[in-house]
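Here is the structure we will look at.
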Number of protein chains: 2
Amino acid sequence: MKSQKTRFETIIQKLRDNGHKITPQRIAIVKIIAKSIGHPSVEDIYHQIKIDFPTMSLATVYRNIVLIKSLGEVLELGFPDGSNRYDGNKPYPHPHVICIKCKKIVDPDLDSLDNMTKEVEEETNFKILNHRLDFFGICSNCLAKKV
Amino acid sequence: MKSQKTRFETIIQKLRDNGHKITPQRIAIVKIIAKSIGHPSVEDIYHQIKIDFPTMSLATVYRNIVLIKSLGEVLELGFPDGSNRYDGNKPYPHPHVICIKCKKIVDPDLDSLDNMTKEVEEETNFKILNHRLDFFGICSNCLAKKV
DNA sequence: CTAAGTGCAAAGTCTTTGCAGCGCA
DNA sequence: TGCGCTGCAAAGACTTTGCACTTAG
């Protein structure tokens, strides 16, 4: 059985490799980013850390996200209302399914996407580098408890 | 040959139907939104109108976009960097192909999307209402003139 | 005529930045 | 020990809002 590095270890290693110091604040941020449970916002990350780390500053969260983004280890999901959510667990482009009621974000498995990229390249003559695919809807949970 | 309403007429009509006044400023904004050539930003719209309409205020552009959005007659495309672009020509969800060099936005024709929505619904048990699909790349033009 | 719309400027968000002090390597 | 990082507060970018004036219907 091959030992597999966790996302947390991978990101910390990459920070080290690029000459960045590993501070407690940074560790706390990477820990959350690496899991990205529910795809947290900056505020989510900030508040979560603030519990154990009362001096943590919002600026530090922002700075570290910019840094980790620049290393390609976190995916930023911006929405029209200006909110941003982060995914450091799967930092490569992949589809998201977003519940418009409870804001939960889920990752579906879709395989038809590669074909689509080719289709687009052929039709538009673009060299496609990247994509973003979101589905918006209502999750089974919120559907059930519709008041 | 059936007479087809232009997007401009449709939006103006919808404004009227909902009891909104048709002001010159509003006409100017709708004119640009209806065409949405290159998918303009708020600034684009503002500056374009400012030429013939020096008193036009940014606030008015924002207010009218909010209004037209609420009528479902313009699609707002928010990007991670915080910029927003608008499409009042095709105000329903559809894929976009964006050149990361010249910021041009093109609409490709893709037919495999409906299947994908069904696939997602089956897998996640969400009721999908909406989606957003963007491809990022480099257009043939920018590819050609790569320095 | 009169409620809706406009322009201006002020107030909000959210995010970034400058700077002094702190702490990891 | 030294440079990078943090925390704070101030500055920025973008968007919304309050208010008095204007105007479409």
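In this structure, A/Arg132 pairs ionically with A/Asp134, as a charged nitrogen and a carboxylate oxygen lie closer than 4.0 Å.
At C/dG7, one or more side-chain N or O atoms of B/Thr60 fall inside 4.0 Å of OP1 or OP2 (strictly under the cut-off).
In this entry the distance linking CG of B/Leu58 with C1' of D/dT16 reads 12 Å, nearest Å. Put simply, NZ on A/Lys50 is 14 Å from P on D/dT6, counting in whole angstrom units. Here D/dG4 presents its P atom at 13 Å from CG of A/Leu67, a figure rounded to the nearest Å. Residue A/Asn64 contributes atom CG, which lies 15 Å from atom P of D/dG4 at whole-angstrom precision. Computed from coordinates, the B/Glu76 CD to D/dT16 C1' distance equals 13 Å when rounded to whole Å. The distance from atom CD1 of A/Ile65 to atom C1' of C/dC14 is 12 Å, rounded to the nearest whole Å. Atom CE in A/Met56 sits roughly 10 Å away from atom C1' in D/dG7 (whole-Å rounding). Atom C1' of nucleotide D/dC14 and atom CZ of B/Arg85 are separated by 16 Å, given to the nearest angstrom.
Remark: the A/Arg63 side chain and the D/dG7 base include a donor-acceptor N/O pair separated by less than 3.5 Å.
By the salt bridge (charged side-chain N to carboxylate O under 4.0 Å, His left out) test, B/Asp107 is found to be paired with B/Lys90, residues two or more places apart in sequence or in another chain being considered.
Within residues 8-30 of chain A, the residues approaching DNA chain C are A/Lys21, A/Ile22, A/Pro24, by heavy-atom distance under 4.0 Å.
Within 6.0 Å of NZ in B/Lys35 there are 12 or fewer heavy atoms belonging to other residues, nucleotides or ligands. The 12-atom threshold is not exceeded at NZ of A/Lys31, counting heavy atoms of other residues, nucleotides or ligands nearer than 6.0 Å.
Side-chain N/O atoms of B/Arg7 and B/Asn89 include no donor and acceptor closer than 3.5 Å.
Residue B/Thr124 holds its OG1 atom at 13.0 Å from NE2 of A/His96, rounded to the nearest 0.5 Å.
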